[in-house]
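Reviewing the structure listed below.
Every chain is numbered from 1, with letters handed out A, B, ... down the list of sequences. Computed from a predicted model, the values in this text were never measured in an experiment. Both backbone and side-chain heavy atoms feed into the values below; hydrogens, waters and symmetry mates do not.
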Amino acid sequence: MAGEKVGGKGESELTPEQLQETGAKTIEAANSLEEYERQLREQDLNEHQIEAMMERYKEAHTKQPEKREWRNVVEYEQRLRSEVDRNGNPAFSEETIENLKERFLAGEDPRIPGAEERRAAIEQARLEEQEQRKARAEILLAGRTPEEYFAAMQRDIDKLKQEIAAMGNVRYGDPESQAAHERRMAEAQQDLQSMQEKVDLVAEVSGQETPEEFSPVGGGLDENMPMGGMASEVGETPRTESLENELKPEKGYWEKIAAYAEERTPGSMMSEEEKTEQAVESEERKGLLARVKDKLRGRKGFRRAMVRALAGMAAVLSLSGIMAQVADAANVEKIKGRNPRVEYDAGEVGDQISLTEAEQGLMDQINQSEVEEDTSDGIELGSFEELRARGQKYYEDINFMAMEGSYIGDNGLRVNLAEAVLPVNPDVDPNSPEAKNFKKSKGNYGYSREALYDIQDEDERKRVVIDDMKLALAKDPLYLATKLATSPQILQACGVDESIVNDENKIRASLNLYETLCGEDGAALQEALLGAVIEALEDSQTEFDFYLEYGREGTSYIQMIDRNGRMDDYRNIRPAMDVKQRDGAKQLMVTFHFADGSLSQHDTNLGCGYQVNVVPETGEVKVTVVNEAGEETTPFVQPQEVVKKTTPEDPEEPEDPEEPEDPEEPDDPEDPEDPEEPEDPEEPEDPEEPEDPEEPDDPEEPEDPEEPEEPEEPEKPEETPKEKDPENEKKVVDDGGQTNPNTQTPNIDENTTPGEIVTPGNENEENQIPTDEIEGDMTGTYDVTEEPNIEENNEENVAEQGIPDETAGADEQAEAQEAQEAANESEEFGSMSDDELLDYINSL
Amino acid sequence: MPKEKVLSEFVERMITDKGGEMTVEQRTQLAGSLSEKLQEQIEQAMLRMLSDEQLVELEQMLDAGVSDDDLERFFDEAGVDFSRAAAQAMTEFRKAYMEVEA
């Protein structure tokens, strides 16, 4: 190869000596070429690069003989004078030329001084440049393959093209704004050019052709659009890369940030005069800055702007992992939001900037994170219409009507009581806990949610609860009524009648609320209530405290109005109260914090859907709501496995002055709703109760000594603000207000010291009801007085466990009084045989 | 959260680069503290990008109870490259941290 050229032009004219010299030079060149190639291969260059560099080397060496073809001093002098330095000036002075000529004439071979060095220097410079380009390409590649890089750049270029095209559609009337806009467009064009150069560099260094996609083939942009022509130079490129390929960590983290920060000083859009002004901050400006900063504290709008700034930075830098994700999403956001005044043409650019599914997901992630990071100042409920719209949207989102069991009531109410009819569902195993937990006349709020208690990941558990609870509330209007009856703030926001809002008896309030829902405008109210409770559940301050309950408490249940009717007929059910003794039942306390500083709490039993718990007998919320005066009763503190004392023993220090609520009970008989209570006629069926086999267990309770958990109880007095006043309670009973004829937990009567903690007797294993005798669920909850196994067609007297005060007539109250007395005697039950007990109960 | 991720990654790298022995707890505490300060610096840098007129306008808007959406729009339309301001603030913050003697 080199030899051929050596013997080229002028070879025949060489003297034998010259030919010999040329041959030697050729061999020398060949040897050098081999050495050069060896060196190149040591430098980890690819074949393409090596060939290119060797070609240049050969070119340089093959010219050498030609330069030596001066046959006489004249030609040598001409060659010397033709040499120039890098600035184009003569390379040799006259004196040097004369000296060299003398040496030539003296038979020496002075050649062209410095020529070799220059060639070597040039070659070295080429190598260095090559190395630099290679290093730069490595930075650009950041561990990716060239193909991956091209795909990523292709996407960025696509986006930038769209941005430029969109910007081209904008024109400002204000000259200054227009000028700034044009500068931004020019910068965008520079960015585009820079991106193209990077692609070329990587292509060259990697020995690949510039991908077809980057060739100027036009593309999706309309070249007639402003800027479209320029954008088309880059070409439209299809998306081929998954986001995952962008998540590889990059090198040069700090360098990138620093370079980005210095690339253009912030405020580069400002004039020099403005920059100078801003550089020297006046005291006035400092004050202004401080004030504004202070006023911006906690503002979501500013926080979002900051998030966008960071995302935009990450977008440019594509720093790594999650930042690349942010960057990707932020790029899209930038396209949409860089200039809000841009009016996109939905038919052209608008289509092009539509988000891919992945991008939308990332945007949602960012938006979600913004919501999460915002520290809520408490729940702020919007207008009725806003809340209603939210509820409507949720129904749309879950495609409510597509759910099995969904139907629309005659007043438009959305109903799905599929879970409530569980026990009559032939597909359900009658021996399953759910089915056993169910009674013919009582609806089930839903499947057991006790599994939630055991979810270890608290965030995950919270997420599951929120989703599940929203769904349950959307499906079951009765559950919606009972849950929200405990939240006057929500009721008020939804325009519910004040008598319901202010009713301390939450079971009664839920009954009236449910009736309202079943009324003419019930559907709209249902939507608004659902929207409000979704707002509350999703608020970042809302607390979900899981705990075990060992106390006695009232709890709501679904009561059938017509026992022969359908359980899933929303007009055939209503909320009522039962009294349960919890013995380690898994429960959940939900606390809503409102912006006005108030809160509402909802104690729910997980064993039966999310049935709402209240104070027994009174139906009050178990934990007091903070009043507007800011007298915050200690909110519920998650006891986590801590035994809660039974409700009657809860100290009521702050509530005592409010106890006059109890006197309301005597008013119940005057309540116009009393006649509507269906429980009244059911009373005669009480005698069917004797079937209860567990009754004998109750009397054992008083025998219970001190509970081992009691030492933990001292915390309770501060946590539970509302406590029944034993004296007052007794008064209510004496007055006939106590309508619950169930055998009371005996130790209540033994509790002579207010606030004293008395542990339910059944906590001692020896006193517990044998599990095989427990009727219904075995989840730590059972009726305070056993519920009978109702024979087919027999009616259960739910009034005895229903809303106490409203349902009781004078006769009933007398009966209740007797029952209460019987309860007081229940200690004797322990010595009775089953038959004796049955006879005794029948005698009642 | 992306914002926290950006800041925490930045701070974590910064701490790693500077080195120094510390317990996991100390490091966590330091990272949290630095993240907070960094966020403040970024906020400050963003505000400093606004002209006096813009600051006055912003203050008036805040006094008038501007909504968060409008507030966000204000920053969007301010014509300022806040991303670069954030980058500069972060760079300066790092420089200051690296120069501080442990």
**Asked** Can you check whether B/Arg48's main-chain N or O pairs, donor with acceptor, with A/Arg285's side chain at less than 3.5 Å?
**Response** yes
**Asked** Just how far is it from atom CZ of A/Arg303 to atom CD of B/Glu72, taken to the nearest 0.5 Å?
**Response** 12.0 Å
**Request:** Not counting sequence neighbours, which residues clear ring pair (Phe, Tyr, Trp, His ring centres under 6.0 Å) with B/Phe75? List them please.
**Result:** A/Phe302, B/Phe82
**Request:** Report, as yes or no, whether the 6.0 Å neighbourhood of atom CD on A/Glu380 holds more than 12 heavy atoms from other residues, nucleotides or ligands.
**Result:** no
**Message:** Can you list the residues of residues 56-63 of chain B that sit under 4.5 Å from chain A, counting heavy atoms only?
**Reply:** B/Val56, B/Leu58, B/Glu59, B/Leu62, B/Asp63
**Prompt:** Can you tell which of B/Gln44, B/Met46, B/Glu40 has the highest number of heavy-atom pairs within less than 4.5 Å of chain A?
**Reply:** B/Met46
**For B/Arg27, side-chain hydrogen bond (donor to acceptor under 3.5 Å, both in side chains) partners two or more places apart** = B/Glu12, B/Thr16
**Message:** Taking side-chain contact (heavy atoms from CB on, under 4.5 Å) as the definition, give me every residue that meets it alongside B/Glu92, ordered by chain and number, with sequence neighbours left out.
**Reply:** B/Gln88
**Asked** Hey, what do you get for CG (A/Leu288) to CG (B/Leu47), rounding to the nearest 0.5 Å?
**Response** 9.5 Å
**Asked** Do other residues, nucleotides or ligands put more than 12 heavy atoms under 6.0 Å from B/Gln26 CD?
**Response** yes
**Asked** Is the side chain of A/Arg299 donor-acceptor paired with the backbone N or O of B/Val66 at a distance under 3.5 Å, no angle test?
**Response** yes
**Request:** State the CD1-CE distance between B/Ile42 and A/Met306, to the nearest 0.5 angstrom.
**Result:** 4.0 Å
**Flag side-chain contact, heavy atom, 4.5 Å: B/Leu50 against A/Val292** = no
